[in-house]
Amino acid sequence: MNAQGKSVSGLRHFLDLGDVTPDQFWGLLRLARRMKDELTTQGRNAPLLAGKALAMIFQKPSLRTRVSFEMGMQHLGGHALYLSPDEVGLGKRETAPDVARVLSGYVDGIMARVFAHRLVEELAEWGSVPVINGLSDLSHPCQALADMLTLWETYGQLQGLTLAYVGDGANNVAFSLLQAAGKVGMAVQIVAPTGYQPDPAQVMSTDADVTVTDDLDGVIGADVLYTDVWISMGQEDERAARLATFPAYQVNEQLLAHTRNRDIKVMHCLPAHRGEEITDAVADSSQSIVFAQAHNRLHAQKAVLAHLLGGAALA
Ligand code: CP
Ligand code: NVA
């Protein structure tokens, strides 16, 4: 049941926020807060996933996603297996349908970080256990869930906030943020150079109140400034072109002042390329909430795990 007393249907997988209704998204946010409160007040979580195992397949490096999923499983009484890029060779040594069917006989859930989004879809189609997208080239739904949790804690509400996303507006983090914003009634101002703005069809699919501009005035009046790396994992051969294009979009003290909001907060999914998309002075300032965001990955993902693997209801 949600706040209005309507029942909220469950999710089978967590691949992309396009598959998640606003009620389901709010249900996950509330469950994440409950998980966090439980850990903070009681020092532990109920062992909802006792005896359960999560396979974690990585095609790309990770700090936050890997450690927060592993600790999340531990806090819930379960176990996580880290499978490195060299071990599995997802889509290379072995097809995703075969990997999915094999792992489904061993574990209770699969989390995968991949290049092609299609791979997480194939794991979900062919396996018989829930699949979680731990970042694909298309989207990063776990990050956006943690980000909305962080903003909800910071502002006490999400509806009516304005988030200005500055930098590569066409990447996975930007897309998931737009999708999340559409579910909670948050406005998004994408401030990105031509060629790095989101696909209009993707923007349309999000139901979010979005403006897209290449003009830095787009940050004026925002409550939150968000940025991410200019060169995402897998885009390394575009490095020279991207470094030539993005410097005007650096989140620095001058851009903070340009928001005309003294209380502006700054977010970054991390890892940061300090000195490129964000300066040390901003990342380490009192306005930065980047580490709260990173820490909330743990609590947000525990909600996803408890729901998908442990049957915790969304309410
Ligand atoms: N933000 C995030 O997903 O970090 P990692 O790449 O370290 O997992
Ligand atoms: N856009 C970045 C996010 C890293 C968490 C990337 O895909 O590399």
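These numbers come from the heavy atoms of this one structure, side chains and all, not from hydrogens, waters or symmetry mates. When a ligand or atom number is given, it counts from 1 through the structure's own listing order.
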Legend entry - ligand 2 versus N172: contacting region, heavy-atom distance under 4.0 Å: side chain

Considering non-hydrogen atoms of the protein only, which is the closest contact for [atom], and what is the distance?
| atom | result |
| --- | --- |
| atom 7 (O) of ligand 1 | L63 N, 2.6 Å |
| atom 4 (O) of ligand 1 | R64 NE, 2.7 Å |
| atom 2 (C) of ligand 1 | R297 NH1, 3.2 Å |

Inset, instruction - Could you tell me how the ring of F246 sits relative to the ring of Y249: parallel (under 30°), tilted (30 to 60°) or perpendicular (over 60°)? - result: perpendicular

Any chance the side chains of [X] and [Y] put a donor and an acceptor closer than 3.5 Å?
| X | Y | value |
| --- | --- | --- |
| T279 | N252 | no |
| H258 | D217 | yes |
| R113 | Q59 | no |

Legend entry - Flag, side chain of Q42 to backbone of R44, donor-acceptor distance under 3.5 Å: no

Inset, instruction - Check whether any side-chain N or O of N261 sits under 3.5 Å from a backbone N or O of A222 as a donor-acceptor pair, and report yes or no. - result: yes

Legend entry - Atom indices of ligand 2 within 4.0 angstrom of L135 heavy atoms, with elements: 3 (C), 4 (C), 5 (C), 7 (O)

Inset, instruction - Could you tell me which atoms of ligand 2, counted from 1 in the order shown, lie closer than 4.0 angstrom to a heavy atom of L270? - result: 5 (C)

Inset, instruction - With R66 as the cation and Y82 as the aromatic partner, state whether NZ or CZ is under 6.0 Å from the six-membered ring centre and within 45° of the axis. - result: yes

Legend entry - Of the listed options N171, D228, T65, L63, closest to atom 3 (C) of ligand 2 (non-hydrogen atoms): D228

Legend entry - Identity of the nearest option to atom 1 (N) of ligand 1, non-hydrogen atoms only, from V290, L270, D228: L270

Any N or O on [X] sitting closer than 3.5 Å to an N or O of ligand 1?
| X | answer |
| --- | --- |
| R66 | no |
| L135 | no |
| M233 | no |

